[in-house]
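Structure, as structure tokens:
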Amino acid sequence: MKKGDALIIVLCAVLCLCLFASSFFPGKNLIAEIYSDGVLVAAKALSEIEEEYTLSVSGCELELSKNGISFLSSTCKDKLCIKYGVLSKKGETMACIPNRVVVSIKSGKDKNFDAVAY
Amino acid sequence: MLKNDNTKKKVILQSLLVAALITAIIAVYFLYSSSKAEYDSVNKSAIAMGTIVTAKTYGENTGPENEIIINSVKQLDELISWRQEGSLVDRLNKTNFVNSSSLADIVNVCNKVSKDSGGAFDLTVGSLSNLWAIGTENEKLPNDDEIANALKKVGYKSLKVNGAEVSCKKGQFIDLGAVGKGYACDMIKTYLEDSELKGAVVSVGGSILAYGKRNKAGDKWRIAVRDPRDEKSYIGTVKINEGFVSTSGDYEKYFEKDGKRYHHLLDPRTGYPAQNGLISVTVVCDSGILSDALSTACFVLGKEKGAELAEKYGAGAIFIDENKNITTVGDVDFERASK
């Protein structure tokens, strides 16, 4: 077997290993989803956000950036949604229950868990 | 010439071998991929029962089921929430009598847990919950007399079932808050069994139903358990084939006074928040209402007696103490997250 053949075989093996690895370690394809009264009103891939911006949904003002999404202000009394801070990890969900606004960070290939018991 | 022919043959043979190797590796990869293939899924979140409800369904053409699941939780809330004017529980609290087979079923299961836990779990704890009002703008540290008065109205033995008839003592206040979410999960499972879905994972405010299969390989569902002292982290993951997972913790609703934490998991026997070193209990079992009731009862009972109760029901349990030491009981596949 020539050196060239061995090189091809090694390259193929590396290619296949990469394919396997990609199925175990999905990229950071995080999407912020915003629901108002159960209806999905906005979804934004965090990686596509170049400059942070705000969004008003049912009495809540939300701030979106590359780093995540947070409640900036809300007309609710307890302000728990604001106190929570920035949602940035897969599976994180926060709601402003009085205003019926839910924010979730999701990924199409979430390999960590399916739900959270709390 | 002969040498050239031999060299050509050798090159062709080696090329064929390389091609065969590449084909074999790619074939193995695609076989592996198809065996792990995910079903199509639809994920939807909404607010119902005063909390976040998330339904993720797996199968072909899913979507309408998510709407049905979330709407069914809203409808159930209208039936069993004491806050809903005219609900079954509102009527029971106001008239001390209701005729409802659904409510009778709930009370029967809960009263059994009350009896088996020696009163550590009790649906009639409402007068105490209202007194402490933890998690509301009226929350306060009551004095001993107020607690003694509220305790007079607590006692599951006065909450009686006769067929479909449910009755309680005058002045008692029934609150299904501890088990309503788990009961909703039970109802959703009944619906899913008649659907065409391959699988679903539903969270009703942190009470979880894992149903069917999450992918074609039939991998276990992975349910993360919240870190009791960091709402943005998970302390570990429970893996289950199917079933229900519920967690009760001292972090859900609480206030602090003079450096002491007063949480919403009240001990119906003392009138005060349970203080036994536990900060979180997660229960895994085959019934939603039981997993909810047992997680509360086990938290109030403490680790040793809680473990005995979980074992009596064939449930798995994960106890986390204030130093974040974790003890698992029963058949539960729990993996602590790496720090």
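Just so we're on the same page: letters track the sequence lines, and every chain starts at 1.
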Interchain contact, B/Asn43 with chain A, by part (heavy-atom threshold 4.5 Å): both
Heavy-atom proximity to chain A below 4.5 Å, by part of B/Lys74: side chain
Pair A/Ser104-A/Thr93, side-chain hydrogen bond (donor to acceptor under 3.5 Å, both in side chains): steps then yes or no: CA-CA 4 Å; A/Ser104 293; A/Thr93 299; 3.3 Å; yes
Residue among B/Ala210, B/Gly206, B/Pro228 with most heavy-atom pairs under 4.5 Å to chain A: B/Gly206
Most contacts with chain A, counted as non-hydrogen pairs under 4.5 angstrom, among B/Val225, B/Val201, B/Ile52: B/Ile52
Contact origin within B/Phe244 toward chain A - heavy atom pairs under 4.5 Å: neither
Toward chain A, the part of B/Ile70 with a non-hydrogen atom under 4.5 Å: neither
Segment of B/Thr51 engaging chain A (4.5 angstrom heavy-atom cut-off): both
B/Lys213 side chain to B/Gly199 backbone, donor-acceptor under 3.5 Å: no
Chain A contacts, top residue of B/Ser280, B/Ala46, B/Ser45 (heavy-atom pairs, under 4.5 Å): B/Ser45
Selection from B/Ser203, B/Ser246, B/Gly205, B/Gly249 maximising heavy-atom pairs under 4.5 Å formed with chain A: B/Gly205
For A/Ala32 against A/Leu64, the heavy-atom pair lying closest together: CB-CD2, 4.3 Å
